[in-house]
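As a basis for the values below, the full set of heavy atoms in this structure was taken, side chains included, without hydrogen atoms, waters or symmetry mates. A, B, ... follow the sequence lines: proteins, then strands. Residue 1 opens every chain.
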Number of protein chains: 2
Amino acid sequence: MRMTPLRRNVLALLVKAGEPVKAYDLLDQMRSEDGSAKPPTVYRSLDFLMEVGLAHKVEALNAYIACAHCHDKGGAELYICGKCGSVDERHGAPEPLNAPTGFETQRSVVEHYGLCAKCH
Amino acid sequence: MRMTPLRRNVLALLVKAGEPVKAYDLLDQMRSEDGSAKPPTVYRSLDFLMEVGLAHKVEALNAYIACAHCHDKGGAELYICGKCGSVDERHGAPEPLNAPTGFETQRSVVEHYGLCAKCH
DNA sequence: TCTGCGCTTGTGATATTATAACATAACCAA
DNA sequence: TTGGTTATGTTATAATATCACAAGCGCAGA
């Protein structure tokens, strides 16, 4: 598992976008430079980036973002503005108090959709 | 917007399943009775059920469940066991303390994946 | 240096999930 | 009863994601 030019390129595209990007939009961008990119190319790179904590999937949008807290593998809480598309990533929410007793969480998906401070 | 036999049937299938169900699995079940069901049939029914708060989408699974707290339209926190597939639905988590200032949440997706008390 | 192994990428096909667009039918109020 | 609204039927296609197998690359050890 190592960083490669291909993977670095995908990460760079995510960082440059600064907001959630669809896999096929990434693919289009890669194709405009490379021509030979195909879906597995981008999905594999995204899988790698998520595995090492450099990217997240925004589940309810089927989109991907660069992690704003690089080197942090844990789940993030995402605050996603429906108007301007910005995403504010937070970490470290406490364990919910109303969790079922005995439930052992391995991965959490927390996405809040609404309006950011600038957009309302 | 009213409950119809078709929509009631979709809800019944969700309730009977008792766990997250894929849209196309619902479709297969409907077809085995009806024969004429097509994707828009099931997706439209699911949209209706979610709109009135009788069903939720499990975003990270692309699956749907009956709401365990019927008549509650707000977001739910789902605790999903990766081993047995059970889903425990909770409501009423407090607003996160570390939210960005000024962010106005309209909809929240909260899904915790792990092992339920019985499965570990 | 060579060789073999594991990881990475290329490539074509296909699976899965979801929606668009338009036609028909059912419901219900005026 | 008629006209508008809501619901369903139907065909096609869009959008998202994975499989399977081949080829390349990089490096540890012979």
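In terms of the salt bridge (charged side-chain N to carboxylate O under 4.0 Å, His left out) criterion, A/R8 has no residue partners (sequence neighbours excluded).
Sequence neighbours left out, the pairs with a member in residues 104-120 of chain A that pass side chain to side chain donor-acceptor pair (under 3.5 Å) are A/E59-A/R107, A/E104-B/H120, A/S108-B/H112, A/E111-A/Y113, A/H112-B/S108, A/H120-B/E104. Residue pairs satisfying the ring-ring contact (aromatic ring centres under 6.0 Å, His included) criterion with at least one member in residues 10-52 of chain B, sequence neighbours excluded, are absent.
Although no hydrogens or angles enter the test, the distance criterion places no donor-acceptor pair under 3.5 Å between the side chain of A/R31 and the main chain of A/S36. For the pair B/R90 (side chain) and B/E77 (backbone), a donor-acceptor distance under 3.5 Å is absent.
A straight line from CG of A/L27 to C1' of C/dT11 spans 13 Å, rounded to a whole angstrom.
Both A/L61 and A/V109 belong to a common hydrophobic cluster when Ile, Leu, Val, Met, Phe, Trp and Tyr are linked at side-chain heavy-atom distances under 4.5 angstrom.
When side chains are defined from C-beta on, A/L14 does not count as touching A/L54, because their heavy atoms never get closer than 4.5 Å. In this structure the side chain of A/M30 reaches within 4.5 angstrom of the side chain of A/L6, judged on heavy atoms. A 4.5 Å side-chain heavy-atom check between B/D88 and B/C116 finds every atom pair outside the cut-off. Between A/K57 and A/N62 the shortest side-chain heavy-atom distance falls below 4.5 Å.
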Would you tabulate the pairs of protein nitrogen or oxygen atoms and nucleotide nitrogen or oxygen atoms of nucleotides 6-8 of chain C closer than 3.5 angstrom?
unit_1 : atom_1 : unit_2 : atom_2 : d
C/dT8  : OP1    : A/M1   : N      : 3.2
C/dT8  : OP1    : A/R2   : N      : 2.8
C/dT8  : OP1    : A/R7   : NH1    : 3.1

Listed pairs, N/O of protein and of nucleotides 12-16 of chain C, under 3.5 Å:
none

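Projected onto DNA chain D by closest heavy-atom contact, B/N62 and B/T41 fall at different nucleotides, the more 5' of which corresponds to B/T41. Across the interface with DNA chain C, nearest-nucleotide mapping of B/A63 and B/R44 shows B/A63 to be the residue nearer the 5′ end.
Think of the region where chain A sits on DNA chain D: with heavy atoms and a 4.0 Å cut, that region ends 5' and 3' at D/dT16 to D/dA20.
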